[in-house]
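Scroll down for the structure; my scribbles are underneath it.
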Amino acid sequence: TTTRCSVVVVGAGFSGLSAAKLLAENGVEDVVILEAADRIGGRVRKEEFGGVSVELGAGWISGVGGKQSNPVWELARQSNLRTCFSDYSNARYNIYDDSGKIFPSRIAADSYKKAVESAIRKLRNEESNHDADLSVLAETPSVPKTPIELAIDFILHDFEMAEVEPISTYVDFGEREFLVVDERGYECLLYKMAENFLFTSEGKILDSRLKLNKVVRELQHSRNGVSVKTEDGSIYEANYVILSVSIGVLQSDLISFNPPLPKWKTEAINNCDIMVYTKVFLKFPRKFWPCGPEKEFFIYANERRGYYTFWQHMENAYPGSNILVVTLTNGESKRVEAQSDQQTMKEAMEVLRKMFGPQIPDAIDILVPRWWNNRFQRGSYSNYPIYINHPLIDDIKAPLGRIYFTGEHTNEKFNGYVHGAYLSGIETSKALLEEMRIEKEIIGENQAFL
Ligand code: FAD
């Protein structure tokens, strides 16, 4: 079957839906949204686990309390989203060694200071490799070796680079972060947004412009339009396409372009790093970890960097839920995705017994998201080295004829975040509306001429 429409939006995550909403608000009604999964939300996704709602993807609204208001925080307020203030700066005072002892706070603070200084030197070094004038400033950074140094290095680089470099999210929107702890899930913000332009009833989107289970496999594009082919053999003929799939999907061969993407485009896409970030959830029959103030986050220091390092208990979010979350990244994420969940539970229990002793009870359930192996994601979010941000992102987001690129990875200031995705959708649709306006003018002039 062939369907004609003016714009096809590929993907119904935050960026795809914010793009479609802006088009609808500007009178572009015949938009079709094609989503590969059987649900909207993309990397915003909740699941029932251990009697509560847990967020497999985005969990925090980052950047709150500053001069400018974060648009996702605004959406949260409109939806009465339940959130919980998070402060992981105390995590450094809850670092456990292999024998279950907590490192004295002075040692932890010193190690932390050293690690921040070293990270700043490393950043300067990398910058100077790109800029000869800076090379005089370069000093050799120290290499983390001991378990505590490795743990802090992991926390700094894989979580909170904010202490090392200014991050636009915190500079513009404020330094506070709120954990989403709502039974409706983070994704209820998307339903709230959809309500404004799609037909919804009883919390369900019933609008025929949103098509689920439609895996786009080919974009055939020319000066006149784009033909979008899906895995189930449907064809959509559109004047324009907004492509909101993740950078990981663009790097994979899920979607083929005909004619193929030019070299500058594929090079830019392939040069963007992808972060894999995995929250493993463990449910226990009772809690055995400290729960007082400033104990929400704790760290396990091991000679293997990133090995079950960063822990959070969910008692502040859901009291009595008896759930722990351990976050893995990159190599450790991929390793754990490839093995059985039983094996992961066994490894996590060994680590917990080192921290809290042999008497603690076994976990009774585990949930391991697989963002890397999900062919509609292929990773968690984009990660641009700070010194090559601009040209790389410009090339990644540059439209190719009638194909417009959007998504978290195309937002120069806020890539990697939900608000980055949301704002990118708006920016892309603004550019497309301008293009459509110009096209209409040209057609009008030609008609007048004839
Ligand atoms: P996506 O949400 O990936 O949307 C793209 C959509 O395209 C998906 O629905 C996908 O199914 C669909 N798609 C893919 N291929 C096809 C195809 N071929 N055909 C049709 N459809 C297709 N951000 C924060 O702000 N705070 C956090 O705490 C946070 N934590 C995170 C933790 C994890 C584990 C992850 C994975 C992400 C986290 N993020 C966080 C990042 C945030 O989730 C993303 O930046 C944002 O949701 C991306 O939205 P998007 O619209 O760009 O992409």
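Numbering of ligands and ligand atoms starts at 1, following listing order. Side chains are part of it too, since the values below use all heavy atoms of this structure and drop only hydrogens, waters and symmetry mates.
- Checking each of T3, T2, T1 against Y236 for a side chain to side chain contact (heavy atoms under 4.5 Å, CB included) leaves exactly one that passes, namely T3.
- Under the 6.0 Å cut-off for aromatic ring centres, Y300 and Y308 do not qualify, their centroids lying 6.0 Å or more apart.
- Interatomic distance, CG of N302 versus OH of Y96, reported as 16.0 Å (0.5 Å rounding).
- Of the polar atoms of V418, at least one N or O is found under 3.5 Å from an N or O of ligand 1, judged by distance alone.
- Note that OG of S246 is 6.5 Å distant from CD1 of I274, once rounded to the nearest 0.5 Å.
- The protein heavy atom nearest to atom 26 (N) of ligand 1 is W60 O, 2.9 Å.
- Using bins of under 30°, 30° to 60° and over 60° for the plane-to-plane angle, the ring pair W289/H313 lands in the parallel bin.
- A side chain to side chain contact (heavy atoms under 4.5 Å, CB included) with V228 holds for exactly one of I235, L34, L243; it is L34.
- The part of Y381 lying near ligand 1 is the side chain, judged by heavy-atom distances below 4.0 Å.
- For atom 4 (O) of ligand 1, the closest heavy atom belonging to the protein is G13 CA, 3.6 Å.
- Protein heavy atom closest to atom 5 (C) of ligand 1, with residue, atom name and distance, is S244 O, 3.4 Å.
- Cation-pi geometry between K265 and F257 is not satisfied (NZ or CZ under 6.0 Å from the ring centre, within 45° of the ring normal).
- In terms of protein heavy-atom proximity, atom 13 (N) of ligand 1 is closest to V245 CG1, 3.7 Å.
- Contacts of W371 with ligand 1, taken as heavy-atom pairs under 4.0 Å, involve the side chain alone.
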Distance-only donor-acceptor hits, side chain of residues 4-12, under 3.5 Å, sequence neighbours excluded:
| residue | atom | partner | partner atom | Å |
| --- | --- | --- | --- | --- |
| S6 | OG | D30 | OD1 | 3.0 |

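- Salt-bridge check for E332 with R335: passed, with a basic side-chain N closer than 4.0 Å to an acidic carboxylate O.
- The shortest N or O to N or O distance between Y417 and ligand 1 is under 3.5 Å.
- Interface of G41 with ligand 1, defined as ligand atoms under 4.0 Å from a residue heavy atom, comprises 2 (O).
- Using bins of under 30°, 30° to 60° and over 60° for the plane-to-plane angle, the ring pair F284/F288 lands in the perpendicular bin.
- A salt bridge links R217 to E231: one of the charged nitrogens lies within less than 4.0 Å of a carboxylate oxygen.
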(request) Given side-chain contact (heavy atoms from CB on, under 4.5 Å), test E294 with D87 step by step and report yes or no. (result) CA-CA 8 Å; E294 300 171 358; D87 178 10; over 6 Å; no
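- Under a 4.0 Å criterion applied to the non-hydrogen atoms of V10, ligand 1 contributes the atoms 19 (N), 20 (C), 21 (N).
- Only the side chain of Q377 comes within 4.0 Å of ligand 1, counting heavy atoms alone; its backbone N, CA, C and O stay farther away.
- In terms of protein heavy-atom proximity, atom 10 (C) of ligand 1 is nearest to E35 OE2, 3.5 Å.
- Shown in contact with Y277 at under 4.0 Å from a heavy atom are these atoms of ligand 1, numbered in order with element: 32 (C), 33 (C), 34 (C).
- When each atom of ligand 1 is checked for a heavy atom of G407 under 4.0 Å away, the hits are 52 (O).
- Of the charged side-chain nitrogens involved, none lies within less than 4.0 Å of a carboxylate oxygen, so that E350 and R353 do not count as a salt-bridged pair.
- Contacts between I61 and ligand 1, counted as non-hydrogen atom pairs separated by less than 4.0 Å, are absent for every part of the residue.
- Among all non-hydrogen protein atoms, the one lying nearest atom 46 (C) of ligand 1 is A421 CB, 4.0 Å.
- Ligand 1 places these atoms under 4.0 Å from at least one heavy atom of G416: 23 (N), 39 (N), 40 (C), 41 (C), 45 (O).
- Polar contact check, Y186 against ligand 1: no nitrogen or oxygen pair lies under 3.5 Å apart.
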Let me have the donor-acceptor pairs involving side chains of residues 51-61, under 3.5 Å, with sequence neighbours excluded, atom names and distances please.
| residue | atom | partner | partner atom | Å |
| --- | --- | --- | --- | --- |
| S53 | OG | E183 | O | 3.1 |
| E55 | OE2 | Y186 | N | 2.7 |
| W60 | NE1 | S86 | OG | 2.9 |

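- Of the protein's non-hydrogen atoms, the one nearest atom 50 (P) of ligand 1 is S15 OG, 3.6 Å.
- Nearest-heavy-atom check against atom 39 (N) of ligand 1 across S86, A58, A36 picks out A58.
- The residue from V216, N415, V276, T278 that puts a heavy atom closest to atom 17 (C) of ligand 1 is V216.
- Close approach of ligand 1 to K214 is summarised as follows: ligand atoms under 4.0 Å from at least one heavy atom of the residue are 19 (N), 20 (C).
- Near L56, meaning under 4.0 Å from any of its heavy atoms, are these atoms of ligand 1: 34 (C).
- Annotation: atom 52 (O) of ligand 1 to nearest protein heavy atom, E408 N, 2.9 Å.
- The ligand atoms of ligand 1 that sit less than 4.0 angstrom from a heavy atom of G42 are 2 (O), 8 (C), 9 (O).
- Using cut-offs of 30° and 60° for the angle between ring planes, the F298 and W311 rings count as parallel.
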